[in-house]
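What follows is a set of notes on a single structure, which appears directly below.
Just so you know, these numbers use all the heavy atoms, side chains as well, and skip hydrogens, waters and symmetry mates. All chains are named by letter (A, B, ...) in the order of the sequence lines, taking the proteins before the strands, and each is independently numbered beginning at 1.
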Amino acid sequence: MARAVTPQRKAINTIAAWIIGLLIFFPILWTILTSFKTEAAAVAFPPQFLNFDWTFENYTTVQERSSYFRHFWNSVVISLGSTVIGLIIAVPAAWAMAFVPGKQTKNVLMWMLSTKMLPPVGVLIPIYLLFRQFGLLDTRTGLVIVLTLMNLPIIVWMLYTYFREIPVDILEAARMDGASLRKEIIYILTPMAVPGIASTLLLNVILSWNEAFWTLNLTAAKAAPLTAFIASYSSPEGLFYAKLSAASTMAIAPILILGWFSQKQLVRGLTFGAVK
Amino acid sequence: QTLTIATVNNGDMIRMQGLTDDFTSEHPDIQLEWVTLEENVLRQRVTTDIATNGGQYDVITIGNYEVPIWANQQWLAPLEDMPEDYDADDLLPAIAGGLSVDGTLYAAPFYGESAMVMYRTDLAEEAGIDMPDQPTWTDVMAAAEAFNDPDNGTYGICLRGKAGWGENMAFITAMSNSYGARWFDMDWQPQFDSPEWTATLSDYLNMMENYGPPGAANNGFNENLALFQQGRCGIWIDATVAASFVTDPDESTVADNVGFAQFPNKDGVDNHGNWLWSWNLAIPSSSGNVEAAKQFVAWATSKGYTDLVAAEEGWRAAPPGTRTSLYENAEYQDAAPFAAMTLESIDAVDTNAPSVQEIPYTGAQFVSIPEFQGIGTAVGQAFSAALAGQMDAEAALSQAQQITTQEMTASGYIE
Amino acid sequence: MGRITLDKVTKRFGDAEVIPPLDLTIEDGEFVVFVGPSGCGKSTLLRLIAGLEDVSGGEIRIDGTAATELPPAKRGLAMVFQSYALYPHMSVRKNIAFPMKMAGMPKEEQERRIDNAAKVLNLTDYLDRRPGQLSGGQRQRVAIGRAIVREPAAFLFDEPLSNLDAALRVGMRLEISELHNRLETTMIYVTHDQVEAMTMADKIVVLRAGKIEQVGTPLELYRTPRNKFVAGFIGSPTMNLIEGPEAQAMDAHTIGIRPEHLDVSSTDGRWRGTVGVAEHLGSDTFFHVHDTGLAEMITVRADGEVQLRHGDTVYLTPQDGKLHRFDEQGLRIA
Amino acid sequence: MGRITLDKVTKRFGDAEVIPPLDLTIEDGEFVVFVGPSGCGKSTLLRLIAGLEDVSGGEIRIDGTAATELPPAKRGLAMVFQSYALYPHMSVRKNIAFPMKMAGMPKEEQERRIDNAAKVLNLTDYLDRRPGQLSGGQRQRVAIGRAIVREPAAFLFDEPLSNLDAALRVGMRLEISELHNRLETTMIYVTHDQVEAMTMADKIVVLRAGKIEQVGTPLELYRTPRNKFVAGFIGSPTMNLIEGPEAQAMDAHTIGIRPEHLDVSSTDGRWRGTVGVAEHLGSDTFFHVHDTGLAEMITVRADGEVQLRHGDTVYLTPQDGKLHRFDEQGLRIA
Amino acid sequence: MATQHSRSAARVMISPAVLLLLAWMLIPLGMTLYFSFQRYNLLMPGAHPWVGLMNYKLFIQNPAFWTALINTLLLVGGVLIATVVLGVLLAILLDQPMWGQGIVRILVIAPFFVMPTVSALVWKNLFMNPVNGLFAWLLPKLGMAPYDFLTQAPLASITFIVSWQWLPFATLILLTAIQSLDSEQMEAAEMDGASALSRFWYITLPHLSRAITVVVLIQTIFLLSVFAEILVTTNGGPGNASTNLTYLVYARSLLNFDVGGGSAGGVIAIILANIVAIFLMRAIGKNLDA
Ligand SMILES: Nc1ncnc2c1ncn2[C@@H]1O[C@H](COP(=O)(O)OP(=O)(O)OP(=O)(O)O)[C@@H](O)[C@H]1O
Ligand SMILES: Nc1ncnc2c1ncn2[C@@H]1O[C@H](COP(=O)(O)OP(=O)(O)OP(=O)(O)O)[C@@H](O)[C@H]1O
Ligand SMILES: [Mg+2]
Ligand SMILES: [Mg+2]
C-alpha cells in the first residue's frame, strides 16, 4: 500500500494523534509542572501553566522528610530481585511447556494465570502470620519472595509465548551437537530469547515497582520501597498539592524513564503471543 | 540499636522527624527509622502488627481510643520508670486519664485536642454577625447562612464528610452528643432510631447541603484544613490542633482573621460534644527495644521537646493539649491566640459521660469498644452516602441501626 | 564406520502407527535417499535414527553397537536440518565450533578443523559473519560445515535444499554429491524432489505410509518399479497407467508406459487420439492426448520441435520393451 | 473487454528508478507472463496495473479508458496474491462472496456465482471450511474463486504457485491454463518458474531491472532470443555460451548452444572432452563435459539410456542450425 | 523432541514453578479457609471459636456484598470496554503515517508506568477535586456546571482513572497486532472494492480478535483486584457506591480487623474470580489455539 499519502491527510493524522497523545499525557505533565510551583500557585485559579516562579523547594522538603534514596534503592532491589529470581524459575518451566508440550500444558499455564486472580487482601493475614513466623516482615527478602510468586505466572506465560517462536530445530541441532540440557538452555535458548527475556524483565520490573499492596503491608521502615514513600503523602495536612506532585514525580520518574528508553522491547514483549 | 517508629503524616509528627538530631546527639547509640503513613493506613498497619505480635515497630503512634483497649490486651508496654524529668503529673488530667489503665500510663501523649469552632472574623464583621464564645447550633447555622457565598468560592461551613470512624463519625458523634443522643442504651441496643439522632443527622445534612462546599462527602480533616486555609470556608468545626495551622501566616491566607468558639451545643442540652483526642506514643510489648523506646518516647513528649520546638519554630508550633505547663507559659499564650479556647475545650470533656443520657460505655467522639472501628466506619459510610445525596437521613439512620444491631449481635453484646 | 541397521523399528504417536515394523540396512559409505509422499514418515524415520524421537519398538544399530537407547549426541551422527537450524546469535566460526566445544575438544584442533571445513565449503571469507548476514546457499554450507567437523559416522539430511531457489538447488546438489565422493561417509538424505533423489542416490528408499515400498538404485526404480506406486512416484511426467481391455490383452491388470517411451506419429500407430493441452518447453513438448479409446488421458513427451496443436490427431506407439505390467495388487509382473 | 496499455509507465521508490519508462500492450484475452530475475520489478509492474501503487509517470489504459488515477476497486481487475491473502476468519463461501458483498450484489446472484465458481474449481465440498483448514492447492483455488466471481476485465497473478509443492504445482498449472481457455479473459501472470512461463503463456515478457528485454511467444524466445540475457534465461538446463576463438571463428563474440542440441558420440565429433558429473534422471541424463579445449564447461542433455560414466571420453557436435550467435553487446546476430 | 529423556527433564524443569505456585496458592488459601470458619477478630485475642458458616452468612447477607459484586463487574466491564474500544481507535490512528510518531507513542504509553497510588492521588487532587482541581476550573469555562466527580459519580470516576492507566497497554498490544496484519490481505480487500470502513469492519477487527482476547484476559486479572485506586480516592464511598469485592474484603479484614469475616469474604471473592477466570480461559484457550 505504498501509495502516496497526501500531505493533508498526514497533517490531519499528526494533529489528531498529537492532541490525543498530549491529552493522555497531560496528567503526568501537569503533575511535573505542579511539582515546581509553590503551594499557593499550585491551587491558583486560573491554573498557571508555565508562567509561574519555578522552585525546587518541594523537592528539598520532600527529601528532608523522607529519605527518598533509601526507598528508591529498596524499590530497585525488590523489583530487580523478584524479576531475576522469577526468570530463573520461569525459564526452565517455559522451556518445558514450549518444547515438550503435553496434553496438560495449556491447562497448567491457565492454572498458573488463575493464581493471579487470588485477591491479595483475602490472604493478607495468613501471609502476615507466616512472614512473622519466618522473620520475613519488613525484609527485602520477604518482598522479593512475594513479588516473585505474584509475577511468576506472567513471566512464565511471556517466556512461553517467546520460546514457542524459537524453532525446535535449533534446540535439536544443539542436542545432536552434544549439548546437555543445561548447556542447551544456557548457550542456545537463552541467548536466542534475549529480546523476549529483556521485555519480560522490563514488564516485571514495572509491575513490581508499582505493586502497592504487599509492599505497603509487609514492610515498615527498612524494606519500604517507593510505594510506601508515596503513601505518606496521600493525605497530609494543609496545602500539599505541590509537595504531593514532587513526591509523585520522584516516585514515577525512574520507571517512566526506564520505560521510555526500553519502549520497543516492552511493546514487543507485551504482546503475549497475541500477535503472530 | 535501631528504633522503628510509626507515625501519622500530620504536621506535628513531621516536625518531630526534623528535630531528631537533638535526640540522637544525646543518644548516639540509638538510630531512628521512620514509617510515616496516612492515618487510616497507619492504624491498619499498626493494628495488624500488634495483634499478630509482628514486632515490626518499637514506637507506635496511636490514639486514645486504642490505648485502653490495647493495654487491656497486654499489647502495650507500661510506661513505668520514665526518666526523672518527665513529670507525668504535668499532663492534663483529662488526657492522662484516657491513657491509663488502673493508674498506669500506657502511652505518652504527643499532642491532644478537643474540638472547637473556627470562623472567619472578617466575614463575621462584614455580615454583622457576632459569634458568642459558647455558640448554639442555631447560632452556627445562622452564621453559616450569612457567610455562604458559593459564587465567589466561599462556603458557609465546612464539616467532615469522608467516611470513617475517625473522620465523619468523630464529628457526627460529637455533634450527636451535643444533641443529647447516645450510641447505645444500657442494654447495648443501638439508638439510631431515636429522635435525637434524627435531629442530629438532618441538621448536619441541611447545613452541608445548603452551605457546605461541593464534594464534602470526601472531605476529612486535611481537606477541610486546606479549604479553610485558602479562605473557602466561613466556619469550620474541627479539632483544636487545626488552630495553629489556620493561624500560620506561611500557609494560611486567612491567618489573621480566625476567631474561635467552643463546640456548639443544642439549645437546652448541656453538652459541648465531649470531643477528646490525643495522638500518643506507645511501645508495643512485642518490641525488642523497650528501654531505648522509652527514652525516645520520653524525649518526644517531654517539656524539653516543647521548648525545642518553640526555639526552632516559635511557640505557636508547640504540640498542644498535653501539658498544663504549656498553657501556663506566657510566651505561649501570647503566640497562640487559641490557647485559652483549646484548654477550655479540653477541660470541658468528660470521657466517662460523653452523653447526657445513661450509657454503658465510655469514650468521647467514639465508643470505647474494639468493635467500634468497624461499626463506626460502616455507619460513617451510610452517613457519607446520605451526604452525597444517595439516600435521605431516615434511610441512612435505619441502615446504621441495622448494621450496628447486626454487628453487636455477632459480637455477642446483644442476644 | 557408518553401517546403520534398523531392525523392526516401529513408531507410534499416540494411537497412530506412523512407522509399522520396518527393517533396513544402510551400508557404510552409501548415499541413501528416502523419498515418498508428504506425511509418509520420512522425517520421522530420520529422527528415529538421529535419536530425536524414541522408537516405540525395535532396535537401531550403528556400526554393530546398539544405539536404541543412546541420546542423540552419543550416536556419532550429524544432522543437517531443513531450516539449517543455525545458531543465529553465533558467528559462523562459533556455529561450526559448537559441537567441538561441547565435546571439549582442544582449541587448536578446533581451529584446524574449522579452517579445513571452511576451505572445503568455500566459507573462509564468511567465518566472522552471523548466519543472518548470509545467503541461503551459504547458510546451507555452514550447516554442513557444522556437521562435517564432528567427523560423524553418518550424515542425516532432512530436505536440506527445499528452502533454496531452483538455481541454487542445482549448485548445492552438485556440492553435496562431491562432498560425498570426497568424504565417503554414509549419508541419509530425505527429499521429495525427484531430481535430487535420482541424481544423488546410490540407493533410493521409497516409503509409503511408513512402509518401504522398494529399495534400489535410481535406475532400478526407474526401469523396474516393484509396484504401481513406485512406478507412478518415480519419473516426471508420471508414467501413464492404463487399465481395462488394453491391459487385459497383455495379461495384466494395469499396464504402464512412461511419456518418454511413446513414439508419436501423425499417420499410424497403436492408439489414435486427439491432442489436448500441449505444453511447449522449448526443449520438449508435453502433450495430453484424449479420445484414444482408453479410459485414461495419455501424456506424451516429445521433441521440442514437434508441431502439434490442440485438436490435432496423433497416433501413439509404446516403445519396445518399455511397457510395465502390474497385477491386481499393483505388483509388477516380471 | 480486457485490453491493457502501458504508456511510458515509470515507477520510482524515492530515488531508485525501479521501472524506467515502459511501453507494453496486452491484448484482450491474452495470457501474458512476466518473467525475470528476482527484484527486476515484476511485482511492481503488476501492482502498478492493479492500482496498488501509484505510477510515478506515464499512463495506464484499460479498455481504452484512462485508469491511471482510478482506485484499485474501480479498475475492474482481480488479483491473486502469492500468499493468497485469504481472509482467515471467513469461511470459503464468505471469502468468495466478499467482493460481491462489497459491490452490493443481490444475494441470489451471489449464491449463483459462488456455486458456479465452486463447481469450476472443485471447491463445492469445502465451502464451509476456513482457509486454515485447507491445503495449499485448495487455498489457491479459493483465491482464484474470489477473483473469478467478480468477472473482471483481467486477472493478475503474482507468483500464485510458488508456495505449492512440485506435484501440486503441475496440477494447478493445468487448471489455470484450462480456466483461461474457458473464460478467455486477459491474464497477467508473474512467475520466476521457467516451466510455468513456457507452458502457460501466449506471450512472455522478459524483464531485467525494470526494462523489457524481449516480448514474444514462448517458442520465439526459445528459438530466437533477442540477446544473451534472454538466451540464458529461457531454457533449462541453461544454454551453453561459448566465447573465444571458437566463437570468433563463427564471426560472433559469443556463440550459444542448448544442451539438448548437442549430439553425443563416443567416436568422433566437433569437440572432444571428458565426462564430469553425470546426472541420471531416468528419462534423461545430464552430463557435464570438461577439457574440451573451450574455456567453459559444457552441459549436455542426452537420452536416459546413454551409459556414460565419470571420466569417459566423448565427442560433442552441435546440431545443424541450432547455434545462436551474439555480438559484443550481447545482441543476437541474425 | 519428544523422547523419554526430554519428557522427564521437562517434568523436573517445570516443577519448581508449579510447586511454588501451588504452595503460594494452597497455604494461604488453606489458612484463609480455616479462619473463615472462626470468630476471629484481631482486636480480641484469645480463643477463636468455631462458628461454622456464620461468617459466610453475614458476608452475603450484608447488602454491601451485592453492591460490591455489581460494582466489581461494572468496574471490570467498564474499563474493559473503554480500553478496548478506545484502544482499537487509538491503535488505528497511531498506525497512520504521521510526523513524530515515536514521540506520540511515548506520550500515550506513559500512564502505564505510573503507580496506581500516584495516579489515583493525582487524579483525585489535581483534577477531580471539586474546589481546587483543574476540572473545577475547566467545566465552568466550558459552560458546564461544576461537578463533583468522586461524590456524584464515584464508580464512573474510578473506572475512568483505571481506564487511563490501562489504555496504553491495550493500545500497544492492539497497535502491534494491527501492524502484523498481512498487507496483502488489505490490498486484496481493496481490490475487492471494500471501503475503508468495510476494511476495518471485515478485515482489521477480526484480525484483532486474538489480541483483544489477550488484552481482556490480562486486564481482567489485574482489574478484579483494583484496590489502591479506590482506597486513595473514595474509600469505597460514598456509602458503598464504589466498593468492589476486593475493597469490601479489605474493609472487613483490615478496617474492622474481622479476620473471620474477611476470610469468608476472601474465599467468596476467590470463588467468583475463578468463575470469571474459567469463562475467560475457555474463551482465550480457544482463541489462542486458533
Ligand atoms: N509429534 C507428532 N505427533 C503426532 N503425529 C506426528 C508427529 N510428528 C509427525 N507426526 C505424523 O507422522 C506422520 C509422518 O510425519 P513425517 O513428518 O515423518 O512425514 P514426512 O514424510 O517427513 O512428510 P513431509 O514430506 O511433509 O516432511 C504424519 O502423518 C504426521 O502427521
Ligand atoms: N516499497 C518499496 N520501497 C522501495 N523499494 C521497493 C519497494 N518495493 C519494491 N522495491 C524495490 O523495487 C525493485 C523491484 O521489486 P519487485 O518486488 O517488483 O521485484 P520482483 O521482480 O517482484 O522480485 P521477486 O521475483 O523477488 O518477487 C526491487 O529492487 C525492490 O527492492
Ligand atoms: Mg518431513
Ligand atoms: Mg515479486
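- Of the residues considered (Val122(E), Thr117(E), Leu224(E)), Val122(E) shows the highest number of contacts with chain A, using heavy-atom pairs under 4.5 Å.
- Annotation: the span from Ile125(A) atom CD1 to Asp258(E) atom CG amounts to 10.0 Å, rounded to 0.5 Å.
- Not one N or O on the side chain of Trp18(A) forms a donor-acceptor pair closer than 3.5 Å with the backbone of Val104(E).
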Legend entry - Phe112(E)/Ile255(A) under side-chain contact (heavy atoms from CB on, under 4.5 Å): CA gap, chis, key distance, verdict: CA-CA 10 Å; Phe112(E) 188 59; Ile255(A) 207 74; over 6 Å; no
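- Of the listed residues (Leu109(A), Ile15(A), Leu113(A)), the one with the most heavy-atom contacts under 4.5 Å to chain E is Leu113(A).
- Looking at Val259(E), only its side chain comes within 4.5 Å of chain A, counting heavy atoms on both sides.
- Looking at Ile154(A) and Ile218(E), their side chains come closer than 4.5 Å, going by heavy atoms from C-beta outward.
- Between Lys10(A) and Gln96(E), the closest side-chain pair of non-hydrogen atoms is not below 4.5 Å.
- For the pair Ile14(E) and Trp95(A), the minimum side-chain heavy-atom distance is 4.5 Å or more.
- Looking at Leu90(E), only its side chain comes within 4.5 Å of chain A, counting heavy atoms on both sides.
- The nearest pair of heavy atoms linking Ile28(A) to Pro111(E) is CD1-N, 3.9 Å.
- Going from atom CG of Asn210(A) over to atom OG of Ser119(E) covers 9.5 Å, rounded to the nearest 0.5 Å.
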Inset, instruction - Begin with the C-alpha distance, continue with both residues' side-chain angles, and end with the deciding distance and a verdict on side-chain contact (heavy atoms from CB on, under 4.5 Å) for Arg11(E) and Val100(A). - result: CA-CA 9 Å; Arg11(E) 230 164 290 141; Val100(A) 194; over 6 Å; no
Legend entry - side-chain contact (heavy atoms from CB on, under 4.5 Å) between Ile185(A) and Met13(E), intermediate numbers included: CA-CA 11 Å; Ile185(A) 290 183; Met13(E) 308 260 277; 3.0 Å; yes
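- No side-chain heavy atom of Leu107(E) sits under 4.5 Å from any side-chain heavy atom of Trp260(A).
- Counting heavy-atom pairs closer than 4.5 Å to chain A, the top residue among Trp123(E), Phe127(E), Tyr34(E), Phe35(E) is Phe127(E).
- For Ser245(A) against Leu126(E), the heavy-atom pair with the smallest separation is OG-CD1, 3.7 Å.
- Once rounded to the nearest 0.5 Å, the distance linking CG of Leu121(E) with CD1 of Ile230(A) reads 6.5 Å.
- Considering only heavy-atom pairs separated by less than 4.5 Å from chain E, the leading option among Gly21(A), Ala93(A), Pro27(A), Ala96(A) is Pro27(A).
- Among Val267(E), Leu167(E), Leu175(E), Ile103(E), the residue making the largest number of heavy-atom pairs under 4.5 Å with chain A is Ile103(E).
- From Leu231(E), atom CG reaches atom CZ of Phe213(A) across 9.5 Å, with rounding to the nearest 0.5 Å.
- Contacts between Ile127(A) and chain E at a heavy-atom distance below 4.5 Å involve the side chain alone, from C-beta outward.
- Thr34(A) touches chain E through its side chain: at least one heavy atom from C-beta onward sits under 4.5 Å away, while N, CA, C and O do not.
- Nearest heavy-atom pair across Ala251(A) and Met115(E) is O-CE, 3.8 Å.
- The minimum heavy-atom distance linking Leu256(A) with Ala110(E) is given by the pair CD1-O, 3.7 Å.
- For the pair Leu217(E)/Trp157(A), a side-chain contact is recorded, criterion being any heavy-atom separation below 4.5 Å from C-beta on.
- In this structure, Thr14(A) contributes its side chain and Trp99(E) its backbone to a donor-acceptor pair below 3.5 Å.
- Most heavy-atom pairs under 4.5 Å with chain A: of the set Ala9(E), Pro28(E), Gly266(E), this distinction falls to Pro28(E).
- Neither the backbone nor the side chain of Ala253(A) comes within contact range of chain E; no heavy atoms are under 4.5 Å apart.
- For a residue to count as touching a neighbouring chain, one of its non-hydrogen atoms must lie under 4.5 Å from one of that chain's; by this rule Tyr40(E) touches chain A with the side chain only.
- The structure places CG of Leu130(A) at 6.5 Å from CD1 of Ile27(E), a figure rounded to the nearest 0.5 Å.
- Residues Leu21(E) and Trp111(A) are in side-chain contact: their nearest non-hydrogen atoms beyond the backbone lie under 4.5 Å apart.
- A side-chain donor-acceptor contact under 3.5 Å links Asn13(A) to the backbone of Pro97(E).
- In this structure, the side chains of Phe25(A) and Ile106(E) stay at 4.5 Å or more apart for every pair of heavy atoms.
- The two residues Leu94(E) and Ala17(A) come nearest to each other via the heavy atoms CD2-CB, 4.3 Å.
- Residue Pro101(A) does not touch chain E at all, counting heavy-atom pairs closer than 4.5 Å.
- For chain E, the nearby part of Leu207(A) is the side chain; its heavy atoms alone come within less than 4.5 Å.
- Most heavy-atom pairs under 4.5 Å with chain E: of the set Ile89(A), Leu149(A), Val123(A), this distinction falls to Leu149(A).
- Using modelled atom types, no side-chain atom of Trp24(E) and backbone atom of Met150(A) make a donor-acceptor pair closer than 3.5 Å.
- Heavy-atom distances place no part of Val91(A) under 4.5 Å from chain E, backbone and side chain included.
- One distance of note links CD1 of Ile85(A) with CG of Leu20(E); it measures 10.5 Å at 0.5 Å rounding.
- With a 4.5 Å cut-off on non-hydrogen atoms, Leu124(A) touches chain E through its side chain but not through its backbone.
- Contact annotation for Ile20(A): only side-chain heavy atoms (C-beta onward) come within less than 4.5 Å of a heavy atom of chain E.
- Contact count versus chain E (heavy atoms, under 4.5 Å) is highest, among Ser248(A), Pro126(A), Ala11(A), for Pro126(A).
- Only the side chain of Leu129(A) has a heavy atom closer than 4.5 Å to any heavy atom of chain E.
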